[in-house]
Amino acid sequence: MPASEIPFLRPNPPKLSDLQAELAGIEASGIFSNYGPVNTRFEQEMRDTIFGGAGACLTVCNATIGLILAIRHAVATRWGDPHPRDRRFALMPSFTFAATAHAALWCGLTPLLCDIDDETWIPSAAAEDELLRRHRSEIAVVVPYATFGNDLDLDRYHRLATDDGIPVVIDAASSLGTLNEQGEAFGTGCPHPVIFSLHTTKPFATLEGGLIYCSDPDTIRALRAMGNFGFAEPRTASMPGLNAKLNEVTALMGLAKLGEFEQVTAHRMAIAEAYRAELPDWTFQRLIGERHAFTFMAALLPDELAEYRRPIVADLAAQGVGAGTYFSPHLAEHPYFQRTCKSGELATTQRIARRVLTLPMSDFMTAKEVSLVAEALRRACNRAGATALASVKIGRR
Ligand SMILES: *Cc1c(COP(=O)(O)O)cnc(C)c1O
């Protein structure tokens, strides 16, 4: 790509060409999948290096399948299998990725979409409480999303699970690298399954992959059997199952990524700091916790420019800067989810999603490029502002 182009995301999975000896080792072993030795080492090193050695980890072929497994397991364990039809809702925020709603739907549940907090963009506790009050006897599982790698109050969700008996599954797809206020990796010690993505566009980049962490090894054992066709005993299905296994080559890439991950996270933190310094008047997500994993840099357009977001994104593209609008549309705006989900009050989600603009981030990005993005953004906004002003003058608004 030309030096002047700054893509929105630039995947950086470990180079297979640097791993030729290890690849030859996999070939010599004759084991390519089915929780093989490389995968086992990767799971153990993730537990020991990221989660302080406690609990257990399970790889999956992607986080979406991981969410399906964990939701299905949580619901079957708590409500029986098949679960009662009146327990039909999976409570989740509307401001998240399509995968989370799809996962609940594949489990036979109806996503019940709640609002987010105005500043942190994580699920609003008040909104969740309100929907729990209204639909308590119909909610089968709660699936909060740790928005863009922000920290969640996991103790609050644990209280919900223990006091109200409603199981919890944490969507932490973009949270590998996040440290909570105690400086521990997000999810550490959590007795409910926490699902991370190892997709190539996420900071912990492999090709396709996911990781489930849980402090309870029995939950991981059950999820592992479910991910292998429901075989708790060899070739005998004793629980719901599918094929969720990660292959040995991707596990090898995971081990390589783990070796450089501190550096990846620190670099992305520095890029995020540079954005905040370059765009002092802009509104960003309020971050909770000691450190954050950044997949991209989310910012809010000034309210008066929100309706010009599409031309602003096009203007940025013309200047060689890639940008996205995650998560706009939010779930309740997707045609399929409008037919299949139920929504609570979503006023804050609407306000945030309408203004959100996601700016470039990658392992390769430099502070100089952040300045270039900020300049390009100011130019695009000035041009959109001029259009806005002109349309006021000619009475279009
Ligand atoms: C990336 C992402 C997923 C899906 O992860 P995959 O590994 O690609 O399946 C799910 N939920 C959220 C919020 C995500 O950002």
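Read the numbers this way: they start at 1 and go in the same order the structure lists the ligands and their atoms. Values reported hereafter were calculated over all heavy atoms of this structure, with side chains retained and with hydrogens, waters and symmetry mates removed.
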*Consider every N or O of Ser174 and every N or O of ligand 1, then say whether any pair is closer than 3.5 Å.*
no
_Keeping Thr265 on the side-chain end and Phe261 on the backbone end, is there a donor-acceptor pair under 3.5 Å?_
yes
*Atoms in ligand 1 with a heavy atom of Asn62 nearer than 4.0 Å*: 7 (O), 9 (O)
*Would you mind listing which atoms of ligand 1 come within a distance below 4.0 Å of any non-hydrogen atom of Thr100?*
11 (N)
*To the nearest 0.1 Å, how far is atom 13 (C) of ligand 1 from its closest protein heavy atom, and which atom is that?*
Tyr145 CE1, 3.2 Å
*Between Arg156 and Asp129, does at least one N-O distance fall below 4.0 Å, as a salt bridge requires?*
yes
_Tyr145 ring center near Phe97 ring center (under 6.0 Å)_ = no
*Check whether Phe186 and Leu160 end up in the same hydrophobic cluster, where Ile, Leu, Val, Met, Phe, Trp and Tyr are linked by side-chain heavy atoms less than 4.5 Å apart.*
yes
*Does an N or O from Leu67, backbone or side chain, lie closer than 3.5 Å to an N or O of ligand 1?*
no
*Considering the heavy atoms of Thr96, write down every atom of ligand 1 situated less than 4.0 Å from one of them.*
13 (C)
*Should you measure from each heavy atom of Ala63, which atoms of ligand 1 turn up under 4.0 Å away?*
5 (O), 6 (P), 7 (O), 9 (O)
_Any nitrogen or oxygen of Thr64, side chain or backbone, less than 3.5 Å from one on ligand 1?_
yes
*Decide if the gap between the ring center of His292 and the ring center of Phe148 is smaller than 6.0 angstrom.*
no
*Heavy-atom nearest neighbour in the protein, as seen from atom 7 (O) of ligand 1, with distance rounded to 0.1 Å*: Ser197 OG, 2.7 Å
*Looking at ligand 1, does any of its N/O atoms fall within less than 3.5 Å of an N/O of His199?*
no
*Centroid-to-centroid, Tyr326 to Phe296, below 6.0 Å?*
yes
*asked:* Looking only at the aromatic ring of each residue, does the gap between the centers of His330 and Phe95 stay below 6.0 angstrom?
replied: no
_Judged on heavy-atom distance to atom 3 (C) of ligand 1, which of Ala173, Gly209, Gly210 sits nearest?_
Ala173
*Name the closest protein heavy atom to atom 11 (N) of ligand 1, giving the residue it belongs to and the distance to 0.1 Å.*
Asp171 OD2, 3.3 Å
_Would the distance check show the side chain of Thr147 and the main-chain N or O of Asn150 forming a donor-acceptor pair, the cut-off being under 3.5 Å?_
no
*So is Lys202 polar-close to ligand 1, meaning N/O to N/O under 3.5 Å?*
yes
*Please check if the side chain of Thr100 supplies one atom and the backbone of Thr96 the other of a donor-acceptor pair under 3.5 Å.*
no
